Amino acid sequence: MCPPTIEQSVSIALNNFSVAFGDTRALDDVSMRIMPGKVHGLVGQNGSGKSTLIKVLAGYHVPEPGAVIDVGVRPVNFPLNGSSFQGYGMSFVHQDLGLIPQLTVLENFLIRELSSKSQRWINWSREKERVNLTFERFQLRHVDLMAKVGSLSLAQQAMLAIVRALEGVTTDPGEVEMRGGLLVLDEPTAYLPENDKEHLFKLMRDVVATGRSVLFVSHYLEEVLQITSHVTVLRDGRVVGDLPSRDLTTDGLVELIIGRTLQSGAVSTATSSSKKIGLQVENLHGGFVNGVDLHILEGEIVGLTGLLGSGFEDVPNLIFGSKLAEQGVARVGDSEYVLDSMHPARAIDAGIVLIPADRQHQGLSLSLSVLDNVTLQLLSQHRNKFGLSRSKMLRTTERLMEDFDVRPRDPLRKVSELSGGNQQKVLMAKWLASDPRVVLLDEPTRGVDVGSRQDILMKIRAAAIRDGISVLCASSEPDQLVELCDRVLVMGGGRVVSELARSELTKDRIVERCYSAAASNVV
Ligand code: ADP
Ligand code: MG
């Protein structure tokens, strides 16, 4: 099969894509046409099917029969043969970036070579020179080729993935090079600071100037309208809008995305209450957070959300000290803690615990038993005059496993052998048993099955009410926030920009506020 030449810059039409995962119809008969020389936007709520569409193009998912891709007049059939379709010049930056953190920058650039050849056949010094030239061409400075990718900032990692995808894409219209017919970027700007975004937009404009196309996924609607010439909107796996960008406004886009008319909802003020404040945070800065103040009453559950990159995802770690804050103060009871010198051990002493999203790496020792994991925090309660009382620890663990319905009910089972939902319950048991005053939750049910999800949310509610614990729940899932929270704070541009009281909490309203929070912060 002979790939088209540059003179034949062609449109790429996706026809009748349907993909189901069990009962979820991730894509339902989706068709769209991407014109040559244009940036095409793809928008929709979390879960609307954007990444699935992209993974079909990349050959990860095979759509149901009937799907066809037309490159110009030529149909390309499924299943895609990765290499033949790559010949049409597709390159991708996936949502998770697709980098391998344990490998160096250089090795990440040579992934394809590393997987197809023996390392012996790689001419490292030549490759190094090549990658250096690429970095120069894309003005990617201050990145050490020998650094482990995992040690770089998220912004650097994002730029690296982008430049890796662009590597074979010529930006010189005079040069006939046959890769890069379509560059696909799945939410590439979420972690980029403003000047890197400008840089990326310039690169995108250079790419389309050569007649190629870019498919651009972003929640930042202002930037979508600024850079694209056409936008396709997905809702629940269907195309609900396909319009030239010049005919659209951000409000119009939000209406298409959530499927109803915007209401100019009043911003609620926090209801005053006679309850005491359990946690107060002032002037928090660090990561993407740029001046957050918040308070949580005793027994209250406050949700924190926003689009990716708005800063909400950093707040729990900055308070807990697992990520260092630049400044900020936390008050728990009568004690005050300066957050730029906070660390997890001090937070735990203060009665603050964090239940992390990345429980496999941060929260649990997978190779240890449930017993060891649960009782690690409780050691002081289990000392007797001979040291630790194993039988007492066993009884405590059995009681907690019963309480949290951890299955199977075997305290000696290794945590690595439990399902994701049961691992999360062990983690909750471990922390709630230590009598905390403040619980910080970071995406508490990510990767957790539906049954356990319900259990976990109920346990959090019960603990908050019964023990007067103040709970902060950072989550990107509106449904979960509605179910769990007394009020929800919405962040944009590193600050809290709006608040929804319990009586106003609906999924649509949360999503709408997330988009308008982002829009109000575009400068
Ligand atoms: P988006 O990128 O728009 O946020 P996705 O394409 O990732 O949405 O997801 C669309 C829907 O398909 C969601 O309901 C998601 O939970 C589901 N989904 C995506 N990938 C998988 C998978 N590998 N297995 C099961 N369900 C999936
Ligand atoms: Mg996605």
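Read the numbers this way: they start at 1 and go in the same order the structure lists the ligands and their atoms. All values derive from a computational prediction rather than experimental measurement.
Counting the atoms of ligand 1 from 1 in the order shown, those under 4.0 Å from a heavy atom of Thr24 are 14 (O).
Distances shorter than 4.0 angstrom occur between a heavy atom of Gln45 and an atom of ligand 1. Residue contact annotation: Gly44 has no non-hydrogen atom under 4.0 Å from ligand 1.
Checked by atom type and distance alone, the side chain of Ser245 pairs as donor or acceptor with a backbone atom of His230 at under 3.5 Å. No side-chain donor-acceptor contact under 3.5 Å links Glu417 to the backbone of Val415. A donor-acceptor contact shorter than 3.5 Å is absent between the side chain of Thr305 and the backbone of Val490. Formation of a donor-acceptor pair under 3.5 Å by the Ser18 side chain with backbone atoms of Asp29 is found in this model. Judged by distance alone, with hydrogens and angles left aside, the side-chain atoms of Gln45 form no donor-acceptor pair with the main-chain N or O of Ile258 at under 3.5 Å. Using a distance-only test at 3.5 Å, with no hydrogens or angles considered, a donor-acceptor pair links the side chain of Arg409 to the main chain of Val406.
When only non-hydrogen protein atoms are considered, atom 6 (O) of ligand 1 lies nearest to Thr52 OG1, 2.6 Å. What sits closest to atom 19 (C) of ligand 1 on the protein, heavy atoms only, is Phe21 CE1, 3.5 Å. Closest to atom 12 (O) of ligand 1 among all protein heavy atoms lies Ala26 CB, 3.4 Å. The protein atom (non-hydrogen) at minimum distance from atom 7 (O) of ligand 1 is Ser51 CB, 3.7 Å.
Taking any N or O of His61, backbone or side chain, none lies under 3.5 Å from an N or O belonging to ligand 1.
The distance between the ring centers of Phe135 and Phe109 falls below 6.0 angstrom.
Between the Mg ion (ligand 2) and Thr52 there is no N/O/S contact shorter than 2.8 Å.
A donor-acceptor pair shorter than 3.5 Å can be found between the side chains of His40 and Thr232.
With Ala20, Gly47, Gly22, Ser476 as candidates, the residue nearest to atom 11 (C) of ligand 1 on a non-hydrogen basis is Gly47.
Using a 4.0 Å threshold on non-hydrogen atoms, atom 4 (O) of ligand 1 counts as touching the protein.
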